[in-house]
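Numbering of ligands and ligand atoms starts at 1, following listing order.
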Amino acid sequence: MTQTPFPDDFLWGCATAAYQIEGSPLADGAGASIWQRFSHDPRLMAAKGDTGDVACDHYNRMADDVALMKELGLQAYRFSVAWGRVLPEGTGRVNQAGLGFYERLVDTLLANDIEPLCTLYHWDMPVALDDRGGWLNRDSADWFADYGRVLFDRLDGRVKKWVTLNEPWVVTDGGYLHGALAPGHRNMFEAPIASHNLMRAHGAAVKAYRETGKHEIGLVVNLEPKYAASDSPEDQAAQRRAEAYMNRQYLEPAIHGRYPPELKEIFGEAWPDWPAEDFALIQQPIDFIGVNYYTRNVTRADDSWPLNAGPVPQTQATHTTTGWEVFPQGLTDVLLWVKENYGDLPLYITENGAAFYDPPNAEGGRVDDPLRVDYLRKHIAAIGSAIEQGADVRGYMLWSFLDNLEWSLGYSKRFGIVHVNFETQARTPKNSARLYSQVIATNAATL
Ligand SMILES: N=[N+]=NCCCCNC(=O)[C@@H]1[C@H]2[C@H](O)[C@@H](O)[C@H](O)[C@@H](CO)[C@@H]12
């Protein structure tokens, strides 16, 4: 066994998101989100009948869940705020009961020596704002900044690491281009507009934070390294398009105040001429980049829409139940790619994990999940390798603490290191949770 020690102050935690775990989406005056609407629409939801009405019932079980985080030795916990709990109409009136839940969550975490990392937007826009155009409305930047101010004013200081957006790529590719996620639009002209307004909103929220904030704020992007299938010019160009579309579309404007040129090539007439002043807003300096890593993509030229670039199936590799290749090297590669392209901003792995079939094991409530244990060992070692090569990685938020609602795929895709029996709401740490506790205790990767 080889041990790779991590930096002394490396932060080990887990990540979740409001709509995926909380349940009670309309409790205590909360306003419905686009996921409340989407999950109840059998025409849209792939896993028909799987809604966020109960989920992991975390809204009612928060204290016990935090106690379990403490038992596992978590040092940090990345959660998201349901915008509609705090601002039921999205703007204006503050729902103190909703804000109070997050205040209790933060205080309970701190009382258990667990650092809170708070994500403002993890996909659940209030329907009241979606009905006003949602991310297609340029006013969304102001709506989002005002929402951020409510949270910054109440929680900054207790929360010292803020995230504006979780994965703007998934929000627009899933919600506006392909329609697989809320709000379920399929429109090539809408996707760039939603993307751009999301990034304007990111900038506006960072700017609002700098008015009073005394700590750190960053952006979380999902990065999937693209490896050209061959040296052919066609595959090389396909790799550049795929990398620009998923991996550069958000970091380029946030860090460099520009878009990659491939996006105009991809979207053509659907790619607007953006007002120059928008980039000054988007390019607000941030304190860290959050990287969500799950898998890689071997990319070749094909006739798929809209990229004319698609994956080469890696049939020999292990895959998760979401169909993603297990490829730990991609995590090392993508962390070094961020360093090379976006400089030495501190990095956090804000999500990494895998869904596998986890047969609950009756004996003593154990859940044996060897594939996830292996996945975590290898990906944590991959981070150690990136750190050894100069990447300034400060923490790791494992996805996810609990089995939860995997968006349109429902509850069958289990990412948790803690098994949830959705009939009884019983929580059972899996063997992967025990492994993670050891990693945290030793502050080292062991392979
Ligand atoms: N093909 N392929 N490529 C992989 C692309 C991954 C894009 N999806 C994510 O990153 C989502 C992120 C989300 O924050 C969380 O809310 C989700 O539960 C996890 C698990 O799905 C991940």
* **Any N/O pair Gln20/ligand 1 closer than 3.5 Å** => yes
* Structure fact -> Counting from 1 in the order shown, the ligand 1 atoms closer than 4.0 Å to a non-hydrogen atom of Asn166 are 14 (O)
* Structure fact -> Residue, atom and distance of the protein heavy atom nearest atom 13 (C) of ligand 1 read Glu351 OE1, 3.3 Å
* **ligand 1 contact on Glu406 by region, counting heavy-atom pairs under 4.0 Å** => side chain
* Check: Trp123 ring centroid to Tyr121 ring centroid under 6.0 Å -> no
* Does ligand 1 have an atom that lies less than 4.0 angstrom from a heavy atom of Met246? -> no
* **Close N or O approach (Asn404, ligand 1; < 3.5 Å)** => no
* Ring centres of Tyr209 and His215 under 6.0 Å apart? -> no
* **Protein contact to atom 2 (N) of ligand 1 [nearest heavy atom, distance to 0.1 Å]** => Glu224 OE1, 3.0 Å
* Is any side-chain N of the basic residue among Arg37 and Asp130 closer than 4.0 Å to the acidic one's carboxylate O? -> yes
* Please work out whether any backbone atom (N, CA, C, O) or any side-chain heavy atom from C-beta onward of Thr322 is under 4.0 Å from ligand 1, and answer side chain, backbone, both or neither. => neither
* Asked: His122 heavy atoms, cut-off 4.0 Å: which ligand 1 atoms fall inside?
  -> 13 (C), 14 (O), 15 (C), 16 (O)
* Asked: According to the interplanar angle, ranging from 0 to 90°, do the rings of Trp169 and Tyr245 count as parallel (below 30°), tilted (30 to 60°) or perpendicular (above 60°)?
  -> perpendicular
* Looking only at protein heavy atoms, identify the closest one to atom 10 (O) of ligand 1 and say how far it is in Å. => Glu167 OE2, 2.7 Å
* What residue and heavy atom of the protein are closest to atom 7 (C) of ligand 1, and at what distance? -> Val170 CG2, 3.8 Å
* To do: Flag yes if more than 12 heavy atoms outside Lys378 fall under 6.0 Å of its NZ atom; otherwise flag no.
  => no
* Carboxylate-amine/guanidinium contact Glu351 Arg78, below 4.0 Å -> yes
* Where is the nearest protein heavy atom to atom 1 (N) of ligand 1: which residue, which atom, and how far? -> Trp324 NE1, 3.4 Å
* Asked: Less than 4.0 Å between a side-chain N and a carboxylate O, is that true for Glu103 and Arg158?
  -> yes
* Could you tell me whether Asp65 and Arg61 make a salt bridge, using a distance below 4.0 angstrom between a side-chain N and a carboxylate O? => no
* From the options Phe415, Tyr294, Tyr293, Trp123, select the one whose nearest heavy atom is closest to atom 19 (C) of ligand 1. => Tyr294
* Side-chain heavy atoms of Phe152 within contact of Tyr147, under 4.5 Å -> no
